[in-house]
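So the structure is just underneath, and the comments pick up after that.
Note that this is a predicted model, so its numbers are computed, not measured.
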Amino acid sequence: MSDIAAGQPVPGEAHPRQGLRGGPSYLTAEHGLAAWFLTTDHKRIALLYAAALTVFFFIGGAGAVAIRMELFTPAADLLSADGYNRMFTLHGTVMVWFFLVPSIPNTFGNFLLPLMIGAKDLAFPRLNLFSWYLFVGAGALLVGALVAGGVDTGWTFYTPFSTGYSQSYVMAAALAVVLAGFSSIATGVNFIATVHLLRTPGMTWFRLPLLVWALYGTSLVIVLATPVLTLVLLLIVAERAFGLPIFDPALGGDPLLFQHLFWFYSHPAVYIMILPSFGVISELVTCFSRRQVFGYTFMVYAILWIAVVGFLVWGHHMFVSGQSLFASLVFSFLSFVIAVPSAIKVFNWTFTLYRGQITFEAPMLYALGFIGLFTLGGLTGLFLASVPIDVHVTDTYFVVAHFHFIMVGGAVSAFYGGLHFWWPKVTGRLYPEAWARFAAVLMFFGFSFTFFPQFVMGFLGMPRRYQVYPPEFQIWHVLSSSGAVLLAAAYLLPMGYLAWSLIWGERAGEDPWQATGLEWRTSSPPPRDNFRAVPVVDTGPYFYHPDKEGPRHDRREAHQNQGHET
Amino acid sequence: MSGLRLWPVVASDVATRVDAIVVVLLLITGAVLALVLALLLTFAIRYRRGSSARRGALPELVQKEVEIGWTAATLFLAVFIFAWAGATELGLAKPSGDALEIHVAAKQWMWKTQHPNGAREIDALHVPRGQPVRLLMTSQDVIHSFFVPAFRIKQDVLPGRLTELLFTPTLTGEYPLFCAEYCGTLHARMGGTITVMEPEDYARWLSAQPEGDDLGHEGRALFVSLGCSGCHAGNGPVRAPGLAGIWGRDVPLEDGRIRRVDEAYLRDSILQPRRDVVAGYEPRMPSFAGLVGEDELIRLVAYIRSLPGGQP
Ligand code: HEM
Ligand SMILES: [Cu+2]
Ligand SMILES: [Cu+2]
């Protein structure tokens with residue numbers, strides 16, 4: 001513990017050493033367009049992804065705005081019936097494949113994974129750049145299909161509607177999703193190889209920060225599940241374009257085969273969307289509680305458990321599809337089993353607060369909001385896993401609320417929390433704290449206001465994907481649409497003050513949060529090669545206090561960094 | 001609008017049993033949520049920076065044991081809910097012998113229903129209170145889903161397959177029917193009304209319906225006009241099994257399997273005769289896929305069902 005003091009920044013002191021450690025920062029190391037668009041620096045590629053994802057977040061968001069405006073009244077006011085169907089298809093397709101799946105892995109993952117394990121870059125830097133081009137190409141194809149006239153199958157592409165009946169650009173959209181899938185596979189392979197090969201000396205598996213574990217688990221799921229999506233979408237193209245009889249019963253095919261294959265990917269995909277946020281939340285909670293994560297090893301096993309069992313529960317999306325009762329019961333059982341590791345994570349985050357020295361900076365507020373929303377989202381999953389209840393609420397707004405609690409209340413909140421936490425590292429600037437706290441609180445209430453009413457109307461019987469609806473549901477839709485206004489404000493606000501901070505923000509030191517991870521052991525923003533010298537690790541992560549003790553009673557404990565430089 | 005409703009109408013036996021689980025699950029999940037929120041709030045306030053609460057090492061109790069403890073507790077809770085919900089579902093799935101059988105055909109974007117005596121309705125269904133009802137459903141195009149919130153029932157309706165729904169209405173009134181599986185342009189308008197009537201009223205209503213020929217009669221005409229009788233009447237050039245009395249029996253197949261004769265089996269026999277060849281016969285029956293529509297299939301099935309045991 002002799003080197004705690006070395007390189008330990010004094011809180012609050014501005015760092016004039018900016019960019020000196022290991023040369024100029026990655027932002028200023030090279031200039032010109034080519035230096036960005038042909039870069040192999042994982043940090044620059046992370047920013048390229050961030051730019052692309054922002055564009056898609058706006059496109060998907062525009063779809064949500066159109067949906068919520070239309071649903072303000074029971075009648076069709078703004079859109080034609082087909083127009084509405086195209087809108088929710090746009091919203092779902094873009095949000096799932098072009099925002100949520102890549103969101104945390106390709107931005108924070110790309111930026112932080114090498115930093116957190118003490119590496120100079122990912123294992124395959126050029127593959128990393130290639131995956132970005134694939135992703136943007138796929139996005140362009142999708143946007144092309146949307147501009148040309150749109151797609152009206154829903155993001156789920158159910159057959160035989162999508163193969164035999166839809167009159168829209170199904171094949172272009174399916175191919176776009178296939179390409180986006182290849183891009184995720186490339187990232188997944190890259191992450192797996194990096195974690196296996198490039199850990200710095202002393203960074204053993206059980207010293208990895210939980211975000212790294214989460215990204216590793218996610219990558220395994222991506223690499224194993226995405227090929228199935230590719231296959232099923234190509235089969236759709238085969239049937240639609242060449243009339244190969246696969247899914248359409250009129251040709252002797254089986255429409256349920258499609259659903260099995262689709263959900264075999266898409267259930268694991270919900271874990272692709274949520275696992276990385278588990279990692280982010282673990283980093284935030286421990287840092288602002290000044291305590292080691294409660295039950296680190298259990299947290300690791302929970303991630304792996306979820307990654308494995310996530311492959312065995314797809315049939316819970318098909319309880320009313322006509323699958324056998326026996327199959328439904330087996331899938332129901334496994335779905336209950338997978339609720340357990342999620343519950344463990346919630347309890348462990350909560351107990352990380354116990355006997356801490358907690359402060360409430362914006363990232364912590366996002367994290368606490370996440371825990372609340374994720375808990376409610378997860379608990380409603382128990383209703384859906386119970387076959388007789390699911391029969392009633394599936395394909396209603398209850399399900400819409402459930403997955404938004406997890407994917408938007410959960411994953412998107414975690415994204416914003418992580419964004420604030422690592423913003424100083426990425427840009428070298430501090431964001432304005434008061435605004436950020438306000439935005440975090442607004443996001444929590446805006447979100448609950450938007451999506452909680454959907455549980456009620458779903459249980460009352462309001463089906464999803466309906467443009468017109470019986471007037472008795474209007475009150476709930478009005479509440480939901482009003483909440484959405486707050487939510488939109490909460491999403492836009494940070495974009496404003498974060499941009500502001502790029503120019504006027506205070507300069508951040510190396511380690512503004514006094515966090516333990518290796519990513520804080522280098523300048524903010526980091527140099528091209530991340531570290532001045534190879535860091536060496538001799539403790540586990542989150543050494544906010546010695547193992548058998550806790551933080552002091554009277555003040556925040558000086559923490560010990562995970563690594564030191566050679 | 002008739003006041004603010006927070007719970008859907010309870011109008012079937014299924015609804016009563018589903019609601020019981022919902023209530024218990026609401027209590028359990030409410031308690032868990034309250035526990036998590038209470039812990040979060042208490043810890044956040046008590047251990048905020050600068051408070052004088054005790055810190056230091058965690059007490060013995062809150063070490064590994066507690067972790068194993070709550071893993072076991074959640075697992076136990078999960079298995080308990082599963083067992084209860086599963087048992088309820090198994091109870092609901094029991095078919096009852098004297099159910100009123102109604103055929104439902106879905107197509108973009110309407111529901112066609114037909115009563116055993118042949119009376120037809122569109123986007124509507126009348127049923128008597130207290131009588132078990134069995135819906136036999138199929139689609140003529142894409143997948144739809146028959147959803148009646150007041151009964152807590154929902155079942156996808158698939159092309160090329162029969163699916164069924166069982167329920168007993170318990171409360172008279174008119175309840176909305178929705179299509180719950182996205183099926184294209186007018187999906188949101190593919191609805192209807194289910195009317196539950198007292199049995200006497202239902203009987204009166206039924207007798208006032210325009211006389212449809214009953215399904216079995218129409219089926220017999222088809223059986224002749226499609227040429228089935230040429231083989232199955234017993235004296236044609238092809239040796240084919242007699243169909244009288246086969247309903248509900250177990251048929252041994254050429255490949256050693258045994259199948260119970262029900263709607264699904266009859267449909268398969270007509271549309272994909274090669275799949276289940278009856279033991280002792282040549283696979284000489286041609287497929288009628290594409291030649292007979294859903295409506296006609298329903299009639300053929302009804303006809304075969306109506307044949308008394310013994311010789312045709
Ligand atoms: C930010 C990330 C978001 C993601 C990843 C997301 C994801 C999804 C997905 C996967 C669906 C299902 C689409 C389908 O039915 O095919 C959906 C539906 C929907 N979303 Fe979102 N969503 C997000 C944000 C929002 C927001 C902010 C709003 C409201 C302002 C919203 C409102 C809706 C509505 C109303 C539907 C249901 C459409 C219907 O079934 O008619 N979503 N969303
Ligand atoms: Cu799932
Ligand atoms: Cu529909």
Open item on the list: Is the ring pair A/Tyr354/B/Tyr47 parallel, tilted or perpendicular, if the boundaries are 30 and 60 degrees?
Closed with: perpendicular

Task: Distance-minimising heavy-atom pair for A/Ile344 and B/Thr71 - done: CD1-OG1, 3.4 Å

Open item on the list: Could you tell me if the side chain of A/Phe298 sits less than 4.5 Å from the side chain of B/Trp70, heavy atoms only?
Closed with: no

TODO: Please check if the side chain of B/Arg161 supplies one atom and the backbone of A/Gly322 the other of a donor-acceptor pair under 3.5 Å.
DONE: yes

Open item on the list: Give me the atom names and distance for the closest heavy-atom approach of A/Pro463 to B/Cys179.
Closed with: CB-O, 4.4 Å

Task: Top contributor to chain A contacts, counting heavy-atom pairs under 4.5 Å, from B/Ile81, B/Leu77, B/Thr88 - done: B/Ile81

Task: Among the listed options A/Asn348, A/Val456, A/Val346, the residue most often paired with chain B at heavy-atom distances under 4.5 Å - done: A/Asn348

Open item on the list: Which one wins on heavy-atom pair count under 4.5 Å against chain A: B/Leu35, B/Val14, B/Leu26, B/Ile153?
Closed with: B/Leu26

Open item on the list: Could you check whether any side-chain N or O of B/Arg55 sits under 3.5 Å from a backbone N or O of A/Gly356, counting only pairs where one atom can act as donor and the other as acceptor?
Closed with: yes

TODO: Could you look at A/Ala343 and say if it's the side chain, the backbone, both or neither that has a heavy atom under 4.5 Å from chain B?
DONE: side chain

Task: Side chain to side chain, A/Phe383 and B/Ile21, heavy atoms closer than 4.5 Å - done: no

TODO: For atom CZ of A/Phe333, decide whether the heavy atoms of other residues, nucleotides or ligands shown that lie under 6.0 angstrom number more than 12.
DONE: no

Task: Gap between atom CD of B/Glu89 and atom CZ of A/Phe319 - 0.5 Å precision - done: 9.0 Å

- [ ] Let me know if A/Pro470 has heavy atoms under 4.5 Å from chain B in its side chain, its backbone, both or neither.
- [x] side chain

Task: chain B contact via A/Phe326 - which portion, at a heavy-atom distance below 4.5 Å - done: neither

Open item on the list: If we define contacts as heavy-atom pairs under 4.5 Å, which of A/Gly83, A/Ser332, A/Ala302 has the most with chain B?
Closed with: A/Ser332

Task: Closest heavy-atom pair and its distance - B/Arg189, A/Ala76 - done: NH2-CB, 4.1 Å

Open item on the list: Counting heavy-atom pairs closer than 4.5 Å to chain B, which one of A/Ser289, A/Ser80, A/Ala81 comes out on top?
Closed with: A/Ala81

TODO: Please flag which part of A/Gln292 lies under 4.5 Å from any non-hydrogen atom of chain B: side chain, backbone, both or neither.
DONE: neither

Task: Residue from A/Tyr84, A/Tyr466, A/Phe88 passing ring pair (Phe, Tyr, Trp, His ring centres under 6.0 Å) with B/Tyr182 - done: A/Phe88

Open item on the list: Could you measure the distance from the NE2 atom of A/His392 to the CG atom of B/Asp19? Nearest 0.5 Å is fine.
Closed with: 7.5 Å

Task: Top contributor to chain B interface from A/Tyr158, A/Phe347, A/Tyr469 [non-hydrogen pairs under 4.5 Å] - done: A/Phe347

Open item on the list: In the structure I gave you, are the side-chain heavy atoms of A/Val337 and B/Phe82 within less than 4.5 Å of one another anywhere?
Closed with: no

Open item on the list: Less than 4.5 Å apart, side chain to side chain, heavy atoms only: is that true for A/Met462 and B/Phe178?
Closed with: no

- [ ] Answer with side chain, backbone, both or neither: which region of A/Val387 has an atom nearer than 4.5 Å to a non-hydrogen atom of chain B?
- [x] both

Task: CG-CD1 distance between A/Leu256 and B/Ile143, expressed to the nearest 0.5 angstrom - done: 6.0 Å

Task: Top of B/Leu271, B/Val32, B/Leu39, B/Val22 for chain A proximity - count of heavy-atom pairs under 4.5 angstrom - done: B/Val22

Task: Sole candidate of B/Leu25, B/Leu33, B/Val36, B/Ile28 that passes side chain to side chain contact (heavy atoms under 4.5 Å, CB included) when paired with A/Leu379 - done: B/Leu33

Task: Under 4.5 Å from any heavy atom of chain B - which part of A/Thr394 - done: both

Open item on the list: If I measure from the heavy atoms of chain B, does A/Pro388 come under 4.5 Å with its side chain, its backbone, both, or neither?
Closed with: both

TODO: Check whether more than 12 heavy atoms from other residues, nucleotides or ligands sit under 6.0 Å from atom OH of A/Tyr165, and answer yes or no.
DONE: yes

TODO: Grab the two heavy atoms, one from B/Glu67 and one from A/Phe294, that are nearest each other, plus how far apart they are.
DONE: OE1-CE2, 3.4 Å

Open item on the list: Within a 6.0 Å radius of atom CZ on A/Phe452, are there more than 12 heavy atoms belonging to other residues, nucleotides or ligands?
Closed with: no

TODO: Heavy atoms only, distances under 4.5 angstrom: which of B/Asp141, B/Leu75, B/Thr163, B/Leu186 has the most pairs with chain A? Name it, please.
DONE: B/Asp141

Task: Residue part contacting chain A, namely of B/Val79, when any heavy atom lies under 4.5 Å - done: side chain

Task: Structural part of B/Gln108 lying under 4.5 Å from a heavy atom of chain A - done: side chain

Task: Structural part of B/Ala44 lying under 4.5 Å from a heavy atom of chain A - done: both

TODO: Drop me the distance from B/Gln155's CD to A/Ser321's OG, to the nearest 0.5 angstrom.
DONE: 7.5 Å

- [ ] May I ask you to check whether B/Phe43 and A/Trp349 place their ring centres under 6.0 Å from each other?
- [x] no

TODO: Identify which part of A/Leu382 has an atom lying under 4.5 Å from any heavy atom of chain B, answering side chain, backbone, both or neither.
DONE: both

Task: Heavy-atom side-chain contact between B/Arg5 and A/Leu460 under 4.5 Å - done: yes

Task: chain A contact via B/Met137 - side chain, backbone, both or neither, heavy atoms under 4.5 Å - done: neither

Task: Heavy-atom side-chain contact between A/Asp395 and B/Glu181 under 4.5 Å - done: yes

Open item on the list: Quick check on the interface: out of B/Leu158, B/Leu165, B/Asp156, who has the most heavy-atom pairs with chain A under 4.5 Å?
Closed with: B/Asp156

Task: Winner by heavy-atom pair count (cut-off under 4.5 Å) against chain A, out of B/Ala15, B/Gly86, B/Gly184, B/Gly191 - done: B/Gly184

Task: Stepwise side chain to side chain contact (heavy atoms under 4.5 Å, CB included) check, B/Arg48 with A/Thr359 - done: CA-CA 6 Å; B/Arg48 70 191 182 280; A/Thr359 54; over 6 Å; no

TODO: If the plane angle is over 60° it's perpendicular, under 30° parallel, otherwise tilted; pick one for A/Phe459 and B/Trp7.
DONE: perpendicular

Task: B/His187 to A/Arg464 - nearest heavy-atom pair and separation - done: NE2-O, 3.6 Å

Open item on the list: Treating B/Lys154 as the side-chain partner and A/Val320 as the backbone partner, does any N or O pair qualify as donor plus acceptor under 3.5 Å?
Closed with: no

Task: Heavy-atom closest contact (B/Gly50 atom, A/Gln357 atom, distance) - done: N-OE1, 3.6 Å

